[in-house]
Amino acid sequence: MSTRLTHSSSNGAPIHLLELGPTGKAGRAQTASLLSHAAIIGVLALLALQAHRSLPNENSGVNVIPEHLLFSPLRESPSDHPSLGHNAGGGEHNPLPATHGFLAPRSSLQLAPPRLPDNATQVLAVPAATLDENAPPIVAAVPQLGLPWMPNDTNSAGPGKDGGIGSGKNGGMGDNSGSDAGEGESGVPYSRGMTMPVCVTCPLPLYTDEARKVKMQGTVTLRVLVGADGRAAQLRVARGVGYGLDDRAIQTVRSWIFTPARDASRKAVHVWITIEVVFRLF
């Protein structure tokens, strides 16, 4: 629309006013802008539709992995094929027998050889390990280093020498000579002759109303003592997520039925295992 204003001057200086009015150039710009926005909106709608089709149907159930049994530490995991490990040994000239415990993990980056803890505050604590070029470089620390075949916890590194744990030498873990861990000539790491427990009746846990309301998802990690009768004798929460899901996981796993672990003589035995119960809305 025309402003219908006339040009005037102020102290002799001209004042220039814009004359507003529709032009062909402005119309073409508006049309191009409208088409561009429509194309962008169409592309976004198409992507959203495809993503919606790829999502599973929603329900009130959970996705749980009942067969996910993690044994810790892995170097002490039961096996159908027992092995005495490698010929190794060590010790620290202590007259007491070496303590019972777990062998150090194998690592391709050995920052610290196997040693008993000295109860000192370390500036940079690193896990003790035995050297293996084929093992992963990063390993988890073993909470209680020792020899699994020893009967008692003596808190002693043993009468051996050159460091390590045992009655041997060369800084390993065992009663012979070597920097590895074990008491045999096997080409594979030490493992006990024991089968792992397997869950045969594993009902799924249900979400709590509190967790569903806030759309809470996560993993509850349980330490479970599976008895010789195939039932969960003791349960401990190693890592929880709250909102009632920890208790729900305990209640559910307590009702599970396992094939119990068996030793080399095929006798049913009790064993601690780690179970991860994954709660996921889908």
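Basis for what follows: all heavy atoms, side chains included, without hydrogens, waters or symmetry-related copies.
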Once you round to the nearest 0.5 Å, how far does [atom1] of [X] lie from [atom2] of [Y]?
{"X": "Tyr243", "Y": "Arg212", "atom1": "OH", "atom2": "CZ", "answer": "15.0 Å"}
{"X": "Leu222", "Y": "Arg236", "atom1": "CG", "atom2": "CZ", "answer": "12.0 Å"}
{"X": "Ser108", "Y": "Ile138", "atom1": "OG", "atom2": "CD1", "answer": "9.0 Å"}
{"X": "Thr219", "Y": "Leu245", "atom1": "OG1", "atom2": "CG", "answer": "10.5 Å"}
{"X": "Arg280", "Y": "Met216", "atom1": "CZ", "atom2": "CE", "answer": "12.5 Å"}
{"X": "Asn176", "Y": "Asn170", "atom1": "CG", "atom2": "CG", "answer": "10.5 Å"}

Least distance between heavy atoms, [X] atom then [Y] atom:
{"X": "Ala261", "Y": "Val271", "result": "CB-CG1, 3.7 Å"}
{"X": "Ala88", "Y": "Ala181", "result": "CB-N, 3.4 Å"}
{"X": "Cys199", "Y": "Thr201", "result": "SG-O, 3.5 Å"}
{"X": "His270", "Y": "Leu225", "result": "CD2-CD1, 3.9 Å"}
{"X": "Arg115", "Y": "Ala128", "result": "N-CB, 4.3 Å"}
{"X": "Arg231", "Y": "Arg254", "result": "NH2-O, 3.9 Å"}

If you define the side chain from C-beta out and look only at heavy atoms, does anything of [X] sit under 4.5 Å from [Y]?
{"X": "Thr252", "Y": "Leu204", "result": "no"}
{"X": "Pro203", "Y": "Ser255", "result": "yes"}
{"X": "Leu103", "Y": "Pro148", "result": "yes"}

Check the pair Gln217 / Tyr207 against side-chain contact (heavy atoms from CB on, under 4.5 Å), numbers first and verdict last.
-> CA-CA 10 Å; Gln217 300 186 102; Tyr207 253 93; 3.7 Å; yes
Give a yes or no on whether the backbone of [Y] and the side-chain of [X] come within a donor-acceptor separation of less than 3.5 Å.
{"X": "Gln144", "Y": "Gly101", "answer": "no"}
{"X": "Asn152", "Y": "Thr154", "answer": "no"}
{"X": "Ser107", "Y": "Pro137", "answer": "yes"}
{"X": "Gln234", "Y": "Arg223", "answer": "no"}

Do [X] and [Y] sit in one hydrophobic cluster, given that two such residues count as connected whenever their side-chain heavy atoms are within less than 4.5 Å of each other, even indirectly?
{"X": "Leu235", "Y": "Val237", "answer": "yes"}
{"X": "Ile165", "Y": "Val139", "answer": "no"}
{"X": "Val126", "Y": "Leu109", "answer": "yes"}
{"X": "Leu35", "Y": "Ile40", "answer": "no"}

Intermediate values then yes/no, side-chain contact (heavy atoms from CB on, under 4.5 Å), Trp149 and Asp175 | CA-CA 11 Å; Trp149 55 85; Asp175 300 324; 3.4 Å; yes
Starting from the C-alpha separation in whole Å, work towards a yes-or-no answer on side-chain contact (heavy atoms from CB on, under 4.5 Å) for Thr99 and Met150.
-> CA-CA 6 Å; Thr99 186; Met150 298 301 291; over 6 Å; no
Just do the side-chain contact (heavy atoms from CB on, under 4.5 Å) check on Val224 and Trp256 with the steps written out, would you?
-> CA-CA 11 Å; Val224 181; Trp256 286 7; over 6 Å; no
Would you find more than 12 non-hydrogen atoms of other residues, nucleotides or ligands less than 6.0 Å from Asp229 atom CG?
->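 Result for CG/Asp229: enclosed.
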